[in-house]
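See structure below.
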2 protein chains.
Amino acid sequence: MAAGDDRTARTSVRTITDLARLAGVSPGTVSRALAGKSLVNTRTREKIEALAREHGFRPNQMASGLRRQKTGVIGVVIPLGHDIRQQISDSFFMTLLGFLADELTTHGYDLMLRRVVPDSDPDWLDRFIGSGMIDGVIVIGQSDQFERIEEVADGYRAMVVWGNHTEGQRHCVVGTDNRLGGRLAAERLVAAGARRLAFLGDTGPMEFAARFAGAQDVAARMGLPAVRALATHLSPDRASEEIAGHLAACAGAIDGIFAATDTLAALCLAELRAQGLSVPEDIKLVGFDDLPIARQTIPPLSTVRQDIAVGARGLVDLLLRRLAGETTESLVLPPELVMRATA
Amino acid sequence: MAAGDDRTARTSVRTITDLARLAGVSPGTVSRALAGKSLVNTRTREKIEALAREHGFRPNQMASGLRRQKTGVIGVVIPLGHDIRQQISDSFFMTLLGFLADELTTHGYDLMLRRVVPDSDPDWLDRFIGSGMIDGVIVIGQSDQFERIEEVADGYRAMVVWGNHTEGQRHCVVGTDNRLGGRLAAERLVAAGARRLAFLGDTGPMEFAARFAGAQDVAARMGLPAVRALATHLSPDRASEEIAGHLAACAGAIDGIFAATDTLAALCLAELRAQGLSVPEDIKLVGFDDLPIARQTIPPLSTVRQDIAVGARGLVDLLLRRLAGETTESLVLPPELVMRATA
DNA sequence: GCGCCATTTGCAAACGATTGCAAGATTCCT
DNA sequence: AGGAATCTTGCAATCGTTTGCAAATGGCGC
């Protein structure tokens, strides 16, 4: 821009060899200089760095990765179970992803994102791992692929999974204690006066199944009737009508609902209102996750909080440890009841 | 699992050369066979494919990428402007990201995600492009980096940006006609009876500035007082109190609010209620985006819709075209007014 | 049986950066 | 000044795959 801009013969400097030629040294020296190794003379290093800056040179990561046998990239994969569109707008996973990106970046890693449909590609995990493009993988959600993940875990160490922990499993997992979370939710419903409970959501995925089980625990312990399972999909469009159907069918038979997700809870709240039921007077409601939406519903949603930032940090921390050769235990995070106004 | 499982000497087959040795051919032939080139005999190809499958062999993408000078990876970068945590939970960007992932996958590309803070790393875009890891880049949101992006666009073709289009710009952009969107919103407010309008949100980012300008257009055309700008951050925690402050300060001076985002609108709705103002009676409100939350507020939010799926498809389509050497025009999508109950 | 095509294959040189080894340049000590 | 010890540097092999070129194989017609 300025007139005195010394764009000396913009000979594109693409490789380390080009730069070496300019600096009058060998490629090896340039490599060492840029890598900040102590073996290279301070003056030559500075000269090389200056040239590199001037020409906007950056070493090719592919070549570097190939030679060093590590890429500096962590794969993040989201398996989409039978309910294909399941997570597409699930803000929980998306928020987790955001935190993961930050966390990985601060540790100098890049993030390669892949969404896969295991049903149509049984090989999804091996394919990703075997691609040679990633140093390790974080699986977001076990979906219905628990077994597949277990198998892979036997032969591949650089993997950590977000999901539910079950006794004796072989893969390293980070996640909330869903069963405990389910208990907290149910206990709150009961404390608020509910006796005939229902669980709203698909009980297929492990996390949800555990939440449901937690609620059952409470019902059994308290001598209440078994918790009714009201199955729904997760995508808002389909969920709405399914919820409406369930509510109509259960009219008067339930007085407390534990929704698998805040998103479902919010939808449910709208349906309840539409059917003329008031919350928490007629029906108590508790959600799960404590997403931002939980504060914004009317009335504000009581829910069970998962700390997403802590979860992301845990995932990255464990993965890096494993990359460094440590063997790591799974990390189970405590859920926390957040009382607002719906129960 | 089955007893007859023929795990013949699990000699790990990691390279194409290993596989070649097993098949009794040269590495070159294996490469061609796996790439499905027509030059290789059908029988040898089948034999090689069978062996590859049996040993779960996958060619190393790094090496392949290095040699072919293309990686099969598209970079997606989210610049975080001055308001650092800006988009962390912004469901608009996250949803767009989800669609992008799907769209890229169906075209055989992987997605490398990077969030950057331009203020602390002025080199963010060149660094990403120069890394050699990606074949092209999609920038999500211009943030306050319009100029930087323009400069890069002059020397790098494989880039498409989500954001606002301004006359004569040099980078290829996909985005909603924000100014028109702003007009639609303001017109709706006026049609609903509002006369003293306010715009809620930061007018720094280009998209928002354009939306604000659109509202100004309407006010001017209608001979109304200028639209008041009520600046806020985007993160829900800070926004809430800022909104409360603005509302208190403007009490009685405004009767129509155009929020830069549905998220802000939802927050605003809660604050209005808290301050005893009813919507749409006392104050009309229109949002922007038509996120899922817009249907769930009470009353449901009138808003201006952006079609995220179409946007994602456009981004990918244009980028692939550019990778193929075409020169492409920017794509400006029409916003659409969605009337619900707040205006 | 021979020569000429058309197929298949192998060879070896890339792609760009890293690194063990050894040679060259300095420094330092006696 | 001589020699050892220490710094710097260059050389060349290597990571695993792709691909132009040439060699080998086979098929065919005459």
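Naming convention: chains lettered A, B, ... in sequence-line order (proteins, then strands); numbering from 1 in each chain.
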Determine the contact category for V30(B): base if any of its heavy atoms lies under 4.0 Å from a base atom, sugar-phosphate if only primed atoms, P, OP1 or OP2 are that close, otherwise nothing. nothing
Could you note down all residue pairs passing ring pair (Phe, Tyr, Trp, His ring centres under 6.0 Å) where residues 114-144 of chain A supplies at least one of them, sequence neighbours left out? none
Side-chain heavy-atom pair V316(B), H107(B) within 4.5 angstrom cut-off: yes
Sub-4.5 Å side-chain heavy-atom contact between V77(B) and R115(B): no
Measure the CG-CG distance between D119(B) and L80(B) for me, rounded to the nearest 0.5 Å. 10.0 Å
Taking 4.0 angstrom as the limit, do R58(B) and D123(A) come out as a salt bridge? yes
To the nearest angstrom, the CG-C1' distance between L39(A) and dG20(C) comes to 11 Å
Is there side-chain contact between V152(B) and I129(B), with at least one heavy-atom pair below 4.5 Å? yes
Assign each of N60(A) and R45(B) the nucleotide of DNA chain C bearing its closest heavy atom; nearer the 5' end lies the nucleotide of R45(B)
Look up atom NZ in K70(B) and atom CE in M62(A), then write down how far apart they are to the nearest 0.5 Å. 12.0 Å
Rounded to whole angstrom units, what separation is found between the CZ atom of R43(B) and the P atom of dT7(C)? 18 Å
dG16(C) phosphate, OP1 or OP2, under 4.0 Å from T15(A) side-chain N/O: no
Interface limits on DNA chain D, where chain B has a heavy atom under 4.0 Å of a nucleotide atom: dG16(D) to dG20(D)
Using heavy-atom distances to pick each residue's nearest nucleotide on DNA chain D, tell me which of N41(A) and R32(B) is more 5'. N41(A)
Here the residues of residues 62-73 of chain A within 4.0 Å heavy-atom distance, strictly under, of DNA chain D are L66(A), R67(A), Q69(A)
With sequence neighbours left out, the residues meeting side-chain contact (heavy atoms from CB on, under 4.5 Å) with S31(A) are I16(A)
Is R321(A) paired with D317(A) through a side-chain N to carboxylate O contact shorter than 4.0 Å? yes
Would you mind reading off the distance between K47(B) atom NZ and dT9(C) atom C1', rounded to a whole angstrom? 13 Å
Axis-to-axis angle between the two ends of the helix from dG1(C)-dC30(D) to dT30(C)-dA1(D) (five base pairs per end, rounded to 10 degrees): 50°
Between D126(A) and R148(A) (salt bridge meaning N to carboxylate O under 4.0 Å), is one present in this structure? yes
Could you pull out all residues at least two apart from R32(A) that satisfy salt bridge (Lys or Arg N to Asp or Glu O under 4.0 Å)? none
